[in-house]
J.: 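This is the structure I have questions about; it appears just below.
Numbering of ligands and ligand atoms starts at 1, following listing order. The residues of the chain are indexed from 1 along the displayed sequence. Just the heavy atoms: all of them, side chains too, but no hydrogens, waters or symmetry mates, feed the values below. The structure displayed is predicted, hence computed values, not measured ones.
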Amino acid sequence: MKQDNREYRENNLSYDLNEQNLISPLDTESPLYEPKIRLGILASGNGSNFEYIIKSIQNKKLNADIAILIVNNPNCLAIKKAIKYKVPYVIINHRDFDSRFEHDMMVMKKLEDLSVELVIMAGWMRIVGEEIINRFNNRLINIHPSLLPSFKGIDAIQQAIDKRVKITGCTVHYVQKEVDSGSIIIQAAVPIKEKDSKETLKKRIQNMEHIILPLAIAKVANNIRNIIKDNK
Ligand code: GRF
C-alpha cells in the first residue's frame, strides 16, 4: 500500500531532506500587532534584504513604515531600490568623518530625529559602537549569512565552504558589542550541495534571508508593542 508522506517520514530514516530548508522557531506566521512600527534600515550593499522588507510591508506581512534607509556607501545598489520604491534615504559616508564614533553619532542622530523605533542592519558592513547599541537596546538587529555562532565576521559563506560543513544558513540576532554574538531571534538552515559554488550557495542563503528577516522584524516589533502595553 502506498504510504503517505508522513508515514514515509516516520518509517524511513533515509528520508530525503536535501531540498528542505528548516526555519526555527517553527511558527512562521508573522505576528499581528498595532500600531505600525517605525523602522530605520542600515545598508551598504545590494539591498536585496531591504527590498524584501519593503515587499513584506506591501504584502501586509509586516505592519511597519520605513522612516529612513541609511547607507554609508554612496555607490551601493540599495540607493536605487530606495528610489524605485520611494523610500526616503540618506548617505552618511563614513569617509567624511574623522572617527568611527563621529560617524556613529551622525547615524544615531538621524535615527533619533526620525523617531525610529527599531533599527535593522540589512547588510551594514560596519561595526556599530556601544552608543548606538545602548541607545537601541533590544531594538537593533542584524542578519548574518551563517548559522551563528559558527562563522562569525566577514565572508561567512566562504568560511562555511572552506570548513566543508554540510549545512549552513542564516541568522537574525540582536546586536551586541561582540560582533555577531547577540541573542538569536530566528535561523534558517541551508544544505550545502556538492556542486555548490559560493554564488549558488549565497543565492539559496539569501532566499532564506528574505523570508526570515521580515519575520524577525515582526517578532521583535510585536515584543516592543507588548512591552509598551504591559507598562501602561
Ligand atoms: C546578506 O547576505 C547579509 O546576511 C549580510 O550582508 C548581505 C546583504 O545582502 N550581512 P543585501 O545587500 O541585502 O542583498
J.: Is it true that a side-chain atom of His144 and a backbone atom of Phe151 form a donor plus acceptor pair closer than 3.5 Å?
T.: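 Pair found, side chain donor or acceptor close to backbone of Phe151.
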J.: Any luck finding a side-chain donor-acceptor pair between Thr171 and Gln187 under 3.5 Å?
T.: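 Yes, Gln187 and Thr171 have a side-chain donor paired with an acceptor closer than 3.5 Å.
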J.: Could you tell me which atoms of ligand 1, counted from 1 in the order shown, lie closer than 4.0 angstrom to a heavy atom of His144?
T.: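 Result: 4 (O).
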J.: So which of Gly123, Cys76, Ser44 gets nearest to atom 6 (O) of ligand 1, if we judge by its closest heavy atom?
T.: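 Looking at heavy atoms only, Gly123 sits closest to atom 6 (O) of ligand 1.
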J.: Does an N or O from Gly45, backbone or side chain, lie closer than 3.5 Å to an N or O of ligand 1?
T.: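 In fact, backbone or side chain, Gly45 has no N or O that close.
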J.: Compute the shortest N/O to N/O distance between Asn142 and ligand 1 and return yes if it is under 3.5 Å, no if not.
T.: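 N/O-N/O distance below 3.5 Å does not exist for this pair.
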J.: Before accepting this row, confirm whether a basic side-chain N of the pair Asp65/Arg38 lies closer than 4.0 Å to the acidic partner's carboxylate O.
T.: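 Salt bridge between Asp65 and Arg38, a charged N being under 4.0 Å from a carboxylate O: no.
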J.: Distance under 4.0 Å to a non-hydrogen atom of Ser48: what atoms of ligand 1 satisfy this?
T.: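 So the atoms of ligand 1 that pass are 11 (P), 12 (O), 13 (O), 14 (O).
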J.: Quick test: of every protein heavy atom, which one is nearest to atom 10 (N) of ligand 1, and how far off is it to 0.1 Å?
T.: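 Scanning the protein heavy atoms, the shortest distance from atom 10 (N) of ligand 1 goes to Ile143 O, 2.9 Å.
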J.: Considering only protein heavy atoms, which is closest to atom 12 (O) of ligand 1, and at what distance to one decimal place?
T.: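 Heavy-atom neighbour on the protein nearest atom 12 (O) of ligand 1: Gly47 N, 2.8 Å.
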J.: Below 4.0 Å, non-hydrogen atoms only: which portion of Gln206 touches ligand 1? Side chain, backbone, both or neither.
T.: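 Within the 4.0 Å criterion, Gln206 contacts ligand 1 through side-chain atoms alone.
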J.: Could you tell me whether some N/O pair between Phe50 and ligand 1 is separated by less than 3.5 angstrom?
T.: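 For ligand 1, there is no N or O atom that lies under 3.5 Å from one belonging to Phe50.
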J.: Do any N or O atoms from the side chain of Arg139 and from the backbone of Glu117 form a donor-acceptor pair under 3.5 angstrom?
T.: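 It does hold such a pair.
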J.: Can you tell me which residue among Glu51, Gln58, Lys80 is in a side-chain hydrogen bond (donor to acceptor under 3.5 Å, both in side chains) with Tyr85?
T.: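 Exactly one option meets the side-chain hydrogen bond (donor to acceptor under 3.5 Å, both in side chains) with Tyr85, and it is Glu51.
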J.: Would Ser183 and His173 satisfy side-chain hydrogen bond (donor to acceptor under 3.5 Å, both in side chains), going step by step from the backbone distance to the final call?
T.: CA-CA 6 Å; Ser183 338; His173 63 94; over 6 Å; no
J.: Run through Val119, Val175, Asp104 and flag the one making a side-chain contact (heavy atoms from CB on, under 4.5 Å) with Ile132.
T.: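 Looking at Val119, Val175, Asp104, the match for Ile132 under the side-chain contact (heavy atoms from CB on, under 4.5 Å) is Asp104.
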J.: Under 4.0 Å from any heavy atom of Glu209, which atoms of ligand 1 are there?
T.: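 So the answer, numbered in order with elements, is 1 (C), 2 (O), 3 (C), 4 (O).
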J.: Going by the atom numbers of ligand 1, which of them fall below 4.0 Å from some non-hydrogen atom of Asn46?
T.: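 In order of number, 12 (O), 14 (O).
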J.: Could you check Lys202, Glu199, Gln206 and say which one makes a side-chain contact (heavy atoms from CB on, under 4.5 Å) with Ile157?
T.: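 Of all the options given, the one that passes is Lys202.
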